[in-house]
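Reading through the structure tokens given below for one structure.
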Amino acid sequence: MANTNNFNNTPDSWDQNDSGGFGDPIDVNQLSKPMSELNVEAPSFVPGLNYNAKEFVPSFATTSSDTSQNTADSAPTHESMEVEENTSVTPPDDWETSKDASTCSTPSEESDKGGGATVKAAAERVKRYSETEVKKDHVNVVFIGHVDAGKSTIGGHIMYLTGMVDKRTLEKYEREAKEKNRETWYLSWALDTNTEERDKGKTVEVGRAYFETETKHFTILDAPGHRSFVPNMIGGASQADLAVLVISARKGEFETGFERGGQTREHAMLVKTAGVKKLVVAINKMDDPTVNWDETRYTECKDKLIPYLKKCGFNPKTDIHFLPVSGITGAFLKEPDPQCKFYDGPPLLTYLNDLPLLNRNSEGPLRLPIVDRYKDMGTIIQGKVESGTVKKMSYLLMPNRMTVEVMQLWSDEIETDVAESGANVKVKLKGVEEEDVSPGFVLCSPENVCNTSRVFDAQIVILEYKNIICAGYSAILHIHTCAEEVTIKSLLCTIDKKTGKKSPNRPRFVKQDQIAIARFEVHGGMICMETFKDFPQMGRFTLRDEGKSIAIGKVLKIRE
């Protein structure tokens, strides 16, 4: 019988084979004096963790304990709801690692959110050090989770703790937020930079910022948590190497995010589909009066999450790390909190810094999927270098086969001449106009061009769909940074989950919890893709329909 639970049918092993602040007024007569004689505290920008940063205590925190827990990601609570896991469904074992069956036996600029003017100013200062430092490993971290869990607040606090946002800027944000009666949202303003997001306290587009430690360079991707903006979240997840799943421990909020229809489940499944192999689960708001660093509540959230994350394909022993945090106070972001007696593991920043180096394909052909583009004295594109190295030279822009030249190159706001695999970059191009570039285009080497097609065969797993799916069914395909409408031309065969054998006859339809191989046709024309076997990051995809993720899949064969 088909299982009707949302996202409970994901495979066990998805991918095993593979400063604007206002300080104290200065006497005008003192302006001629050197800075050292002025009684003014100058902001300090130092690459790496800012271990000397003073703890920033907002003014409201000392007057109202009730409001100290409200972050930019706060929501009204309701009674706790128990979620019962359905264990009757057995997901397919290692379906991605089975032999490829490509054939069956039967026939705007405003959207460029670089963390605000403060981050850009900090980047210029960090640039002085980057020229003499040892090359650092680049790690892209996406913050995911249900709306109001505290993702932007944690990201903003990390920016402060690592010296990318100074104390005076936070004081400015606090004053401005207080004027809008949003005084507890000030930390999130380091990442939520436009007026709409600050007024509503809701992330819409993927916020971007960065920070550095002694050995690593991290790019923060702050994904939206509202279900209306899941397509934007997928774009952020496609650029990530590591995901931080933010969970609200506040009474009622965890249940809201994890119950059927909550974004906790869908986000966890989507990042695994996007190729993220490591997941940090940050159980936030542990300082809330309804929790008060209670180990029982922490364990309850953890025990309910593990079975589902395991079904998504994460190994609880090697792929998942749990830790309690408080985004508003900064507990366990850089330093532990004495109120927490049960957790003796490393804080978040220490854990991230100690992760082993990632395997990069800097010697391979260039693949730079474009996630956004805008006009700024030329055409600027944004994206993550998935493979190869990008330099100031000529490349091909696919699928239009346009020859373009790289004029300028930035890696997280720092101008450079070379960016290797894993870097999150901005590139100024010559030879193409902004209107001729779309998200999903790929910058690639002229000697090794990215594959393009309108028709392809793929293996899919139906996750959640109440009706049957047959030839002629249309949905939105999300593959790397591309989103296009596709139609199933034909169903080629089904695959038995237990034996892995293909059906001898073509099925008339498929339904929830089934695995099938189908032929797809893209509506909008040629799109860039690679087979999963040759290039996993550009060969895995998600199918969405009516605001829900209904299937995940991998490209088996590209047909002209």
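Side-chain atoms are counted along with the backbone in the values below, which use heavy atoms only and exclude waters and symmetry mates.
- A distance of 12.0 Å separates CD1 of I479 from OG1 of T273, quoted to the nearest 0.5 Å.
- Of the N and O atoms on the side chains of D287 and S326, at least one donor lies less than 3.5 Å from an acceptor on the other residue.
- Ring geometry, F218 versus F211: the interplanar angle falls under 30°, so the pair is classed parallel (tilted spans 30 to 60°).
- In summary, E266 and K548 do not engage in a salt bridge, as defined by a charged side-chain N under 4.0 Å from a carboxylate O.
- Formation of a donor-acceptor pair under 3.5 Å by the H157 side chain with backbone atoms of G327 is found in this model.
- Using a 4.5 Å heavy-atom cutoff, the side chains of R454 and E521 are in contact.
- A heavy-atom distance below 4.5 Å is not found between the side chains of K285 and F254.
- Looking at L543 and I476, their side chains never come closer than 4.5 Å, going by heavy atoms from C-beta outward.
- Atom-to-atom distance recorded for L270:CG and R265:CZ is 13.5 Å, nearest 0.5 angstrom.
- Side-chain atoms of S549 and R544 form a donor-acceptor pair, as typed in the model, at a separation below 3.5 Å.
- In summary, the side chains of D412 and H217 do present a donor paired with an acceptor at a separation below 3.5 Å, with no hydrogens or angles considered.
- Rounding to the nearest 0.5 Å gives a distance of 5.5 Å between CD1 of I468 and SG of C470.
- When the options H138, R360, K278, K277 are evaluated for a side-chain hydrogen bond (donor to acceptor under 3.5 Å, both in side chains) with D241, the one that passes is R360.
- Side-chain contact of T481 with S238: a donor-acceptor pair under 3.5 Å is absent, judged by distance alone.
- Distance CD/E433 to OG1/T379: 5.0 Å, rounded to 0.5 Å.
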- request: Would you check, one step at a time, whether the test salt bridge (charged side-chain N to carboxylate O under 4.0 Å, His left out) holds for E530 with R367?
  value: CA-CA 11 Å; E530 302 280 3; R367 294 291 185 271; 3.1 Å; yes
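- Between the side chains of N424 and Y210, not a single donor N or O lies within less than 3.5 Å of an accepting N or O.
- Ring centroids of H321 and Y351 are separated by less than 6.0 Å, placing the two rings close together.
- L368 places a side-chain heavy atom less than 4.5 Å from the side chain of V427.
- K151 contributes no side-chain N or O that, together with a main-chain N or O of D222, makes up a donor-acceptor pair within less than 3.5 Å.
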